[in-house]
Amino acid sequence: MQIRLLPAVMVFAGSYLPLSLILLAQDFDYAFLKSGICNPILNRLGCEVPLAHPAFSLTIFVLCLLSFCFTLMTLSLARPRNFVDIVSVKYVPAELMSYTLPYVVSFMSIGYQDTGKFVGLTIFLIWMFWISYKSGQLILNPLLIAFGWRLYEVSYRFPGEKIEGEARNGRALIRGELESGQRRAQVSVQDILIMGAINDKGQEAENAGT
């Protein structure tokens with residue numbers, strides 16, 4: 001299944017939630033902390049927003065936050081229906097982390113006041129989106145690790161295939177752990193198998209959306 005362009009943009013934007021938070025923190029005017037909390041009822045002149053560029057920083061942060069929530073909701077609504085028998089598994093924790101973490105670290109010094117750098121960052125992210133979208137790696141969001149999702153390299157067969165035949169290879173994303181010998185429901189999103197929660201005994205395990 002290929003993700004459509006607009007949902008793909010949202011999934012990609014959600015993976016950069018840490019970067020938007022870094023930029024928001026850099027845009028904050030910490031001198032406001034010394035003046036205490038402003039009460040809009042008592043202060044007739046109104047309260048100032050303690051951000052140098054509130055329109056940009058808040059909008060981008062909120063959009064990234066909503067996009068990440070959209071990613072979690074999309075995974076929770078996925079309904080794997082086709083079963084596969086897992087022949088072998090290999091956990092690959094570094095794969096998810098390497099997707100965005102270097103870029104978050106690289107751009108920590110960029111602020112909204114640095115127009116040239118910010119435009120350069122935007123162009124870079126557009127290219128990263130297009131490359132990840134075309135390569136089928138878009139769904140690999142490192143933030144999913146914090147919510148219990150794990151990425152595996154798997155060898156698998158469809159039920160009914162000859163055991164002597166060569167197993168298929170791919171990568172599977174699942175909330176929880178995966179072991180060889182299990183039968184799992186799956187749905188393919190680009191080149192990634194989103195694994196469900198039903199094992200070969202028909203028992204309920206961890207649901208992909210819970």
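Residue indices begin at 1 and follow the sequence shown.
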Taking the side chain as every heavy atom from C-beta outward, state whether V154 and L178 have any pair of such atoms under 4.5 Å apart. yes
Sequence neighbours excluded, the answer for side chain to side chain contact (heavy atoms under 4.5 Å, CB included) partners of S155 is V87, S88, A167, N169
Set of residues satisfying side chain to side chain contact (heavy atoms under 4.5 Å, CB included) with respect to A8, sequence neighbours excluded: I3, F129, Y133, L138
Nearest atoms (heavy-atom pairs only) where G176 meets Y152: O-OH, 3.8 Å
With sequence neighbours left out, what residues match V62 under side chain to side chain contact (heavy atoms under 4.5 Å, CB included)? L66
The salt bridge (charged side-chain N to carboxylate O under 4.0 Å, His left out) partner of D85 among R168, R184, R183 is R183
Residue list, side chain to side chain contact (heavy atoms under 4.5 Å, CB included) with D29, at least two apart or on another chain: A31, F32
So do the side chains of L193 and R171 get within less than 4.5 Å of each other, counting heavy atoms only? no
Under 4.5 Å between side-chain heavy atoms, counting indirect links through other Ile/Leu/Val/Met/Phe/Trp/Tyr residues: same cluster for L63 and L65 or not? no
Shortest non-hydrogen contact from G14 to S67? N-CB, 3.5 Å
Looking only at non-hydrogen atoms, find the nearest pair between Y16 and C64 and report the distance. O-SG, 4.1 Å
Rounded at 0.5 Å granularity, tell me how far CG in L23 sits from CZ in F61. 11.5 Å
Please examine the side chains of L173 and L144, heavy atoms only from C-beta on, and report whether any two atoms are closer than 4.5 Å. yes
Is W127 isolated, or which residues cluster with it under the ILVMFWY side-chain rule of less than 4.5 Å, directly or via members? V119, I123
For residues F68 and S15, determine if any side-chain heavy atom of one lies less than 4.5 Å from a side-chain heavy atom of the other. no
The test is side chain to side chain contact (heavy atoms under 4.5 Å, CB included); show your working for Q186 and I194 and say whether it passes. CA-CA 5 Å; Q186 57 83 27; I194 308 298; over 6 Å; no
Kindly determine whether I60 and L24 satisfy side chain to side chain contact (heavy atoms under 4.5 Å, CB included), including the steps that lead there. CA-CA 9 Å; I60 292 177; L24 181 66; over 6 Å; no
For T71 and V11, which heavy atoms make the closest approach, and how far apart are they? OG1-CA, 3.5 Å
Hydrophobic cluster identity match, W130 and L125, side-chain contacts under 4.5 Å: yes
Separation of F118 CZ from F56 CZ (nearest 0.5 Å): 6.5 Å
Report yes if some heavy atom in the side chain of Y91 is under 4.5 Å from a heavy atom in the side chain of E177; otherwise report no. no
Within a strict 4.5 Å, meaning less than it, do heavy atoms of the F147 and L75 side chains meet? no
Sequence-distant partners of S57, side chain to side chain donor-acceptor pair (under 3.5 Å), two or more places apart: D27
Here the gap from F83 atom CZ to M195 atom CE, rounded to the nearest 0.5 Å, amounts to 11.5 Å
Transitive ILVMFWY side-chain link F12 to L6, under 4.5 Å: no
Evaluate side chain to side chain contact (heavy atoms under 4.5 Å, CB included) for L19 paired with L121, printing each intermediate quantity in order. CA-CA 11 Å; L19 180 56; L121 172 61; 4.3 Å; yes
Set out, in order, the CA-CA distance, both residues' side-chain angles and the distance that settles side chain to side chain contact (heavy atoms under 4.5 Å, CB included) for I139 and T74, then state yes or no. CA-CA 10 Å; I139 199 66; T74 299; 5.9 Å; no
